[in-house]
Amino acid sequence: MKRYNPKEIEPKWQKTWEEQGIYRASEDLSKPKRYVLEYFPYPSGAAMHVGHVRNYTIGDIVARYARMQGQNVLHPMGWDAFGLPAENFAIKNNISPRLAIDQNTKRFKEQLMQMGFSYDWSREIDSTDPKYYRWTQWFFLLLFKKGLAYQQESLQWWCPVDKTVLANEQVEAGKCWRCGSDVEKKALKQWFFKITDYADRLLGDLDDLNWSDAIKTMQRNWIGKSKGAEVDFKLADKADVIRVFTTRPDTLFGATFMVLAPEHPLVGQITTTGQKQAVEDYIKESQAKSDIERQETDREKTGIFTGAHAINPVNNEKIPVWIADYVLSGYGTGAIMAVPAHDERDWEFAKKYKLPIIRVVQNDAPDEACTHDEGLMINSGAYDDLSSQEAREEIVSDLKKNGAADEHVNYKIRDWLISRQRYWGAPIPIIHCPKDGVVAVPEDQLPVVLPEIESYEPSGDGRSPLARVPEFINTTCPKCGGPAERETDTMDGFACSSWYFLRFADPQNEKEPFSRENAQFWLPVDDYIGGAEHAVMHLLYARFWTKVLYDEGLVSFEEPFKTLRNQGMILAPDGQKMSKSKGNTIEPDSLLSQGYGADSIRLMELFIGPWNQSAAWSIEGMGGTFRFLQRVWTLVQEHLSVQVSDQTTVELPRALAKATKAASQDMHELGFNTAIAALMELVNELYKLKLTTDIGSKQWKVALTTLVQLLAPFAPHITEELWQQLGNAGSVHVSDWPSWDEKLLITDTMVIVVQINGKVRANIEVPAGCSEGDITKAAQAHEKISEYLRGQAVKKVVYVPNKLINFVI
RNA sequence: GCCGGAGUGGCGGAAUUGGUAUACGCGCACGACUCAAAAUCGUGUUCCUUCGGGAUUGAGGGUUCAAGUCCCUUCUCCGGCACCA
């Protein structure tokens, strides 16, 4: 009898599938389309570990199940290969990024292939291929033409180790998202995409997405919409006006002082001579603090009086103007009206500097700041006794009359900084002409090819290594034909990934990024499977670009990803995050070389727990999934080794129907772990049945063939092999998902639970369809139950049809 | 601090609308096969127990004939954001 040997069968089938192209997608209108996508990976030098594999496994199960359900499945794969990790890897290993990516991609692809994932490799894309980034540049120009890409000098996050600026989204707790070093602020002229123009739509459209609440909430918080008003405070002795943003205009009568951020442009003008030195010292001191220090919320607030006073527009009170670094220059107007009675930060500041506190909303806690009070107004002149809600509206509308206030909405989200001072990215297709200024590279001159250069090291002077390449920089102006210079910054890697899902619909198109028809056919993505790490980066950027495309009439949908599925993280067996530095990673390569096979790894990835919950990898558990597959293999071999018979039984089809139903329902609800458990139960049942039935029977063949089909999405290799051994034609992976006969599940008897006061005391077996009266009698007649009921008055009998009877005594 | 998720055996986890808590797997124990071991097959396995039972889904209350599931209070862990006025 042949032994189960994954090393033998897995490569064989992988080769056959690729040769026969059974996973290729075509624009076939006869079947419903299904676009299943996993985020296209970064082919870094590190080997994939079982955590990454889980992501692709989930996608593959969804894709395979959909295919067996008769859907037309697009399940593509490609490489997000621009960006820092790839470049740093290349520098570290002293090879060119191009070469590093080619090597890594080859290796990564092998790793994916040996897991038996059903990708349509004919659609493979690589974001660093000029044929691809040509269109990334095309999108840049589209945004530029629409006024959504602009250049601006401002203070930006700068990573001193990676020597490039970073987007806000790429700074995590004050550290560079890639290398983990502390970031700094640096004033540089940079390119931005105007995502803030889309803030409201990006927020509103979240409601209709089938995404987890966790990710939706993260995006909502990141966009950070606040409704309120902008209010102008005139200075007491100067013509200048300080504009503030507030969400609580109802508390204007409680504004007892104002605070400007140290970087506020008015600071120099309004500071009085007497306070000049003190203010300058404070600003210097504040600048000396690292940006990380400034962001610590629990640090004691500091500030300094400017000597200037402003006039509160609601009551003409003169209030002092301070500066303090707890006010952020980048949010709102960079200035606030301070209402210590109703804001904790202002309260703390007022207490420290002995500034007046005036309560304007009634509440019961006089010794602290009451921030979210809604109540009756007090100390607010004509507005007294109004609700804060009413006061909010009336004060703004009254101030509006003399132009001192207006409704205003603020967002926390900032424009997306996309220029990078690094080599390995798509060049920004812009030419700087001394005469014509900033000029777009004409479309027919795309791509602006990234030149091959000798040294990729970032220079750290605020310009990319491309600035050292005269052949690249020097060009002619497309407008005037005179000498001009190319932009030397490259684009953030997230630009490439903001549209790649569209390219898969039409990957070889040389005339346009994608054809409308193909995009219309495949998009939006039906199932997008990935980790939560993309929540406020890729997933936000891709939504933004899709909306721009929609506005441009290039696509007919506003959201790229209908359903988002976040897989849970796989932790190391010690319960910690897997990382190379901790040395606790588990890689499929090593599991394969231990003889487990891709099938049992895949099974383990899902059987370990719900796909969207994290779980620690279990080395012993691998033995269990391997044993399970081996037991399936053995059953088929035993069946094949005996004569075919016509014996029929009731039990076999019934067990099969039960398992098919359970597995199908679980698959439908993505209950992969329980679907596998149902198949394990079936196999356990078959092991019992082979003792009492003839394993050579035709019924057994049906049962084993069905089992193989049910198992096929999880364990594609062994099932393909057994499918063939059982004498079936074609591939199990394009066979129809099995159905079951509900009639087989009807039994002659049923088991009724008998409870006394809600506690289970007995089980009784009664004929199917037995009436409530007969069940009550049968229960009362039960030896144990009659014991309990003896001498007791039954107050109530609760009967749940065909399930349970409860005597309340 | 705010937001999101989760707490069930020795371990990973299971449990339609509230209706037999602990499916399935791991681990462990015992048995069969074997000269022996591995592999394989089988049996058992929540805890306590005076063997009648009793207790049990992070903790404490509540609703109900009946609560892992619903309500209130509370604790712990994980993830995200963090002086956003």
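Order of the sequence lines fixes the chain letters, A, B, ..., with proteins taken first and strands second; residue numbering starts at 1 for each chain.
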According to a strict under-4.0 Å criterion, is Lys759(A) in side-chain N/O contact with OP1 or OP2 of A55(B)? yes
Does the pair Ser226(A) and Asn410(A) meet the rule for a side chain to side chain donor-acceptor pair (under 3.5 Å), with working shown? CA-CA 5 Å; Ser226(A) 297; Asn410(A) 251 330; over 6 Å; no
Side-chain N or O of Ser226(A) closer than 4.0 Å to phosphate OP1/OP2 of A85(B): yes
Of the listed nucleotides (A23(B), A85(B), U17(B)), which one gets closest to any side-chain atom of Glu681(A)? A23(B)
Presence of Lys803(A) side-chain N/O under 4.0 Å of G19(B) phosphate oxygens OP1/OP2: no
Side-chain donor/acceptor contact of Lys661(A) with base of U16(B) under 3.5 Å: no
C24(B) phosphate, OP1 or OP2: any side-chain N/O from Arg631(A) under 4.0 angstrom? no
Tell me whether the side-chain N/O atoms of Tyr331(A) come closer than 4.0 Å to OP1 or OP2 in A85(B). yes
Confirm from the modelled atom types if Gln613(A) and G13(B) form a donor-acceptor pair under 3.5 Å, side chain to base only. no
Got a donor-acceptor pair under 3.5 Å from the side chain of Asn221(A) to the base of C81(B)? no
Short side-chain N/O contact from Gln755(A) to OP1 or OP2 of C65(B), under 4.0 Å: no
OP1 or OP2 of G5(B) sitting under 4.0 Å from any side-chain N/O of Asn612(A)? no
Please determine, by modelled atom types, if Trp222(A) and Glu169(A) share a side-chain donor-acceptor pair under 3.5 angstrom. yes
Minimum-distance nucleotide to Trp222(A) side chain [options: A82(B), A14(B), C24(B)]: A82(B)
If you look at every heavy atom in Tyr799(A) and Cys770(A), which pair is closest and at what distance? OH-O, 4.3 Å
If only side-chain N and O atoms of Arg3(A) are considered, is one of them under 4.0 Å from the OP1 or OP2 phosphate oxygen of A39(B)? no
Quick one: the side chain of Lys795(A) and the base of C65(B), do they pair up donor-acceptor inside 3.5 Å? no
Are Asn757(A) and A66(B) close enough that a side-chain N or O sits under 4.0 Å from OP1 or OP2? no
Got a salt bridge between Glu742(A) and Lys661(A), using NZ or NE/NH1/NH2 to carboxylate O under 4.0 Å? yes
